[in-house]
There are 2 protein chains.
Amino acid sequence: MADHSQSVDRITVSASTTPKIKDVARVAGVSTATVSRALSKPDSVAANTRQVVLDAARVTGYRINQAARNLRQQKSGAVVVLVPNLGNPFFSQILAGIESTLAKRGLSVLMVDTKQSELPSEYLHHSRADGIIALDGSLPGTLLAEIQSGIGTPPIVFACEWDPDDMFPSVRVNNRHGAALAIEHLVELGHRNIGYVGGPPANVLTGARLEGVQRALQANNCAVCEQWLFQGDFSLQSGAHVAAQWLAMDNRPTALFCANDEMALGVISHLHRSGVNVPRDLSIVGFDDIDVARFFLPPLTTIRQPRSKLGTESADLLMEKLEHGLISDSRSETVLPVEMVVRQSTARIAN
Amino acid sequence: MADHSQSVDRITVSASTTPKIKDVARVAGVSTATVSRALSKPDSVAANTRQVVLDAARVTGYRINQAARNLRQQKSGAVVVLVPNLGNPFFSQILAGIESTLAKRGLSVLMVDTKQSELPSEYLHHSRADGIIALDGSLPGTLLAEIQSGIGTPPIVFACEWDPDDMFPSVRVNNRHGAALAIEHLVELGHRNIGYVGGPPANVLTGARLEGVQRALQANNCAVCEQWLFQGDFSLQSGAHVAAQWLAMDNRPTALFCANDEMALGVISHLHRSGVNVPRDLSIVGFDDIDVARFFLPPLTTIRQPRSKLGTESADLLMEKLEHGLISDSRSETVLPVEMVVRQSTARIAN
DNA sequence: AGCTTACATGTAATCGATTACAGTGACAAT
DNA sequence: ATTGTCACTGTAATCGATTACATGTAAGCT
């Protein structure tokens, strides 16, 4: 009887369907429970059994069915990353940091573009994601409220940006300090008429950096001229647009601090075509230190943000939450240092 | 009896656990089958029943358990995207294109960095991914063999790059043609000593573009000088490194075609610091037309690649495969057009 | 020997949806 | 009145793993 069923099994195993744990069990001559244990908790089975199972898994070409595991274990093995704009290269290093950290722990990365896709609210279920990393500080309030209610919703961690009410754990840099460094650098070079090019007004980074600018200007007894507060959208184009505005002004600032590098490059580029030389005629400081900054002409003076680290740290923070259920207070708002990188887009003020 | 169980139900529903389809069924007073149908095939239930179910789903705050659905339906609702280097901004537009297209169809995007993560072979199972989009032409042969065997493995589509044997469907640009355009442009400007800066030698793009270069040079009776074939790695740094080599040469080419924009910018940047002016002393053509190309100083002459379209088309191609099981021959190798963008990093040869 | 303990393994329940199949009632055709 | 059809809905099997619990067995101890 046993022999007969075995010969039948041989045939079953070689069928064209993908092998299940049952097939492995049959080939190994053990129960499915043992196979499961041998594969996921190797120490809990005898050494020789383990070997037999591993061999059986190999010959059958067994691969686990994630959906079944996920259903049983009530988790998804995935983390959703909410990116404001996937097309924006600024995020790529952060994403790389997140991916590498999560991959090490066997978690996969679900990428969602919050500007393109309508409602990522389907992702707010433990069967979809074990956790969320948001690079977008402008998520719909309803979404955040739902996450906070915390029933069945995965925990969230912000990276780079943060939520308006600042209620969730986050990893970011000291934006005010970075902005202040930029202003102080310009003041040291003799500038007193300093403008600021922000991103979208609603953006938290725009605001935080503006605060830093205003404080530093006041601390140095510089005027804070409303007219010199430009509005961009973090794009190269918007930088060029600001440059055009600057050209059209009567009383121009002698230096500009841009809330990101791309806008800074846009400004320089546009001005150059109009015969205005940076840094001779205008000093420019950026923010981020993207790759191209040090290769630009002139190389860009900027505030360096550790992008890769923002990614790895936020992923680590989320892992802590996932594994320990809680995040230690000391880490729940991680602030990474920025660094002033002086290059050649800033110069001592003329005459 | 029925009354009693109902009052118990009220309590059950308000318990802290996340609501299941069973809870919705109870509240709506129908079976779970009807709830399932009302939610996913609305036409198959009576209008009023549907309404009752929808209301019940709303009040209970029901959200579907994807793992359960995936297990039953034998699919994952996700597509894996294999990126050679997530940190490389070149891919961001392509990724955005992929994401937006897939999101429209309700598919989610699993991002994997093939350089960082060891074995994405766990992803080769229908329970993990319904399909694969590879931006990396250098995947391990074993992996490709497995995908081709096609038992239980999701279908794959290449974008931008392609596999060495070119056996899988792909979306790409006409790289040889693009390279030829670059060379012809330089020849028209009077250049006859033209160099080529490639990426990693094993890369398919490096090879394809080199072919285009060689053919075009021959067609124009230009020497193909071994010494003028530089090797980079697609990074800004490697471009700078090539510039240093160029500076050290005895017989320099008067123009360089770089296999991507970043290397081109690296070359220009490094040369500028050494007092060599582009385009006066050397003409440079790039490839890709990344965002910063037109803002660089000088603005970069380059071959534009429709990056976003590469993403959307490859996603569409995969969807066709997923929905129809096959890909029409006409699409299985989609070639998108490139476009010559003449800016100011190229000039008529001196004297 | 008899008893306890620890370890290895098997049996069967379980996760939460989908869906094949069966059943019901209304209505039209005969 | 009988039968067939159609539109809905319910019952229960199913997807493929994990794991609580039961069982068996050998070693250790008195």
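These numbers come from the heavy atoms of this one structure, side chains and all, not from hydrogens, waters or symmetry mates. In what follows, every chain begins at residue 1, and chains take the letters A, B, ... in the order their sequences are listed.
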Arg72(A) meets the salt bridge (Lys or Arg N to Asp or Glu O under 4.0 Å) criterion, sequence neighbours left out, with none
Checking Glu320(B) now: which residues fulfil salt bridge (Lys or Arg N to Asp or Glu O under 4.0 Å) with it, not counting sequence neighbours?
Arg331(B)
Residues forming a side-chain hydrogen bond (donor to acceptor under 3.5 Å, both in side chains) with His126(A), sequence neighbours excluded:
none
SB check Asp55(B) Arg58(B) (cutoff 4.0 Å):
yes
With axes from five pairs an end, tell me the bend angle of the helix from dA1(C)-dT30(D) to dT30(C)-dA1(D), nearest 10°.
50°
Would you list the pairs meeting salt bridge (charged side-chain N to carboxylate O under 4.0 Å, His left out) in which at least one residue belongs to residues 96-111 of chain A, sequence neighbours left out?
Arg105(A)-Glu323(A)
Would you mind writing out the side-chain donor-acceptor pairs for residues 76-85 of chain A within the sub-3.5 Å range, not counting sequence neighbours?
unit_1	atom_1	unit_2	atom_2	d
Ser76(A)	OG	Ala78(A)	N	3.2
Ser76(A)	OG	Arg128(A)	O	3.2
Ser76(A)	OG	Ala129(A)	N	3.4
Ser76(A)	OG	Asp130(A)	N	3.2
Ser76(A)	OG	Asp130(A)	OD1	3.2
Asn85(A)	OD1	Gly87(A)	N	2.9

Tell me whether the OP1 or OP2 atom of dC8(D) has a side-chain N or O from Thr49(B) closer than 4.0 Å.
no
For nucleotides 10-23 of chain C, just jot down a letter per nucleotide in 5' to 3' order: B, S or -, based on protein non-hydrogen atoms under 4.0 Å.
BB-BBBBBBBB---
Residues two or more places apart in sequence or in another chain: which of them pass side chain to side chain contact (heavy atoms under 4.5 Å, CB included) with Thr153(A)?
Leu124(A)
Of all residues at least two apart in sequence or in a different chain, which pass the side chain to side chain contact (heavy atoms under 4.5 Å, CB included) check with Ser36(A)?
Ile21(A), Ser40(A)
